[in-house]
Amino acid sequence: MCISHGQNSTLVNIEQRRSIRSFTDKLVPDEHLMTILRAANQAPSAHNQQSWKFIVIRGKRKNELVGLVGAKAGEFPRAAAVLLRMAARSINSAPVVIVVANTGKLIGHGTELFQVEKDQALDFFKTMEIQSSAAAIQNLLVAAASLGLATVWLGILFLIKDEVLRLMGEQEGEFMAVVPLGYAAKDVKEPKKINFDMMVKWLE
Ligand SMILES: Cc1cc2nc3c(=O)[nH]c(=O)nc-3n(C[C@H](O)[C@H](O)[C@H](O)COP(=O)(O)O)c2cc1C
């Protein structure tokens with residue numbers, strides 16, 4: 001599908017970004033990494049709380065994450081185990097991996113500010129934190145694509161979220177996603193997307 005009219009580079013990057021699951025050995029320059037993290041941090045966030053944290057892992061900690069995911073995969077039914085093993089391979093091949101966590105800052109801030117009932121406040125602000133971090137991750141993916149870098153958003157590690165956060169040294173907060181980052185080992189075709197017309201309802 002073509003959304004990019006003319007030379008609008010934002011639309012070109014949105015359109016051409018693909019989930020890439022294997023990477024070359026080429027390292028990601030720190031300058032690019034910082035640009036990508038700053039772009040993520042520019043995302044809109046509920047009550048401007050920026051309730052996200054980006055944990056950048058390379059080397060030993062990344063290898064430990066590969067080991068953890070591989071070891072845990074066998075504890076899950078087949079479909080989940082397959083995806084976890086695929087995720088471990090992606091993490092292994094990427095030179096750098098960004099773990100995204102929600103800090104809980106918005107939950108504390110919002111509950112105090114809005115004075116709504118405790119359970120509703122938790123549900124509401126937790127959802128807003130997830131939505132805010134999702135916006136940050138999408139910025140991250142598109143910024144990476146704009147620099148010729150490849151990514152994949154790994155949600156499957158939610159299944160082992162406590163172990164992942166522990167390995168990252170995070171005592172608090174919520175698991176959000178893991179994003180390997182690097183140069184694509186090979187190009188992939190756009191997967192078949194559901195017809196755009198099915199996604200939009202027009203009302204007057
Ligand atoms: C919330 C979320 C979770 C995802 N989790 C995984 C995952 O665990 N493993 C994986 O290989 N891809 C994962 N993906 C990537 C999707 O499979 C991918 O975006 C989709 O197939 C469309 O392909 P595209 O990104 O190239 O357009 C995830 C994407 C999102 C948004």
Side-chain angles (χ1 to χ4, degrees), residues 1-4 10-24 36 39-40 43-46 51-55 57 62 65-102 126-165 167-168 173-196 198-200:
M1 190 190 59
C2 184
I3 59 167
S4 49
T10 304
L11 293 178
V12 170
N13 289 320
I14 289 172
E15 184 171 17
Q16 292 183 352
R17 178 211 57 79
R18 288 276 70 78
S19 293
I20 299 291
R21 297 175 175 83
S22 72
F23 303 86
T24 68
I36 289 164
S45 66
S51 50
W52 47 60
K53 185 164 183 181
F54 309 111
I55 303 152
I57 59 168
K62 187 178 78 79
L65 182 60
V66 175
L68 172 71
V69 181
K72 285 275 162 192
E75 295 177 12
F76 291 90
R78 200 182 131 71
V82 167
L83 272 182
L84 280 166
R85 289 198 184 97
M86 262 175 64
R89 283 197 295 276
S90 297
I91 294 166
N92 190 39
S93 79
V96 55
V97 172
I98 301 164
V99 179
V100 185
N102 301 333
K126 206 172 157 181
T127 304
M128 293 301 109
E129 283 209 352
I130 294 168
Q131 293 182 2
S132 302
S133 292
I137 297 170
Q138 179 64 6
N139 268 16
L140 189 161
L141 304 188
V142 173
S146 79
L147 294 168
L149 282 151
T151 53
V152 59
W153 178 330
L154 296 176
I156 192 74
L157 271 73
F158 185 89
L159 293 176
I160 52 167
K161 60 191 171 71
D162 295 341
E163 290 91 338
V164 172
L165 286 187
L167 181 62
M168 297 304 125
E174 296 274 339
F175 172 92
M176 180 66 200
V178 169
V179 183
L181 171 73
Y183 291 90
K186 56 178 187 298
D187 286 341
V188 298
K189 280 205 303 228
E190 179 179 346
K192 193 167 162 34
K193 303 267 176 179
I194 300 167
N195 189 340
F196 169 70
M198 309 279 287
M199 300 303 189
V200 187

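All values reported here derive from a predicted model rather than from experimental measurement. Start at 1 and go down the list; that is how both ligands and their atoms are numbered.
A distance-only check finds a donor-acceptor pair linking the side chain of Ser132 to the backbone of Ala46 [under 3.5 Å]. In terms of modelled atom types and a separation under 3.5 Å, the side chain of Lys53 and the main chain of Gly173 share no donor-acceptor contact. Ser90 places no side-chain N or O within donor-acceptor distance of the main-chain N or O of Ser22, the cut-off being under 3.5 Å.
Classification of Glu75 and Lys72 as a salt-bridged pair holds, one side-chain N sitting under 4.0 Å from a carboxylate O.
Counting only heavy atoms of the protein, atom 14 (N) of ligand 1 lies nearest to Trp153 O, 3.0 Å. Of the protein's heavy atoms, Ile156 N, 3.0 Å lies nearest to atom 8 (O) of ligand 1. For atom 23 (O) of ligand 1, the closest heavy atom belonging to the protein is Pro191 CG, 3.3 Å. Closest protein heavy atom to atom 9 (N) of ligand 1: Leu154 CD2, 3.5 Å.
For CG of Asp187, the number of neighbouring non-hydrogen atoms (other residues, nucleotides, ligands) closer than 6.0 Å is 12 at most.
Contact annotation for Val188 and ligand 1: no heavy atom of the residue comes within less than 4.0 Å of the ligand.
There is no side-chain donor-acceptor pair under 3.5 Å between Ser51 and Asn102.
Listed by number with element, the atoms of ligand 1 under 4.0 angstrom from any heavy atom of Arg17 are 24 (P), 25 (O), 27 (O). Contact atoms of ligand 1 toward Val152: 12 (N) (distance under 4.0 Å to a heavy atom of the residue).
In this structure, the side chains of Leu65 and Leu68 come closer than 4.5 Å at one or more pairs of heavy atoms.
In this structure, of Arg89, Arg18, Arg21, Gln138, the residue bringing a heavy atom nearest to atom 17 (O) of ligand 1 is Arg21. Counting heavy atoms only, Gly155 comes closest to atom 7 (C) of ligand 1 of the residues Pro180, Ser19, Gly155, Ala177.
Using a non-hydrogen distance threshold of 4.0 Å, Lys193 registers as a contact of ligand 1.
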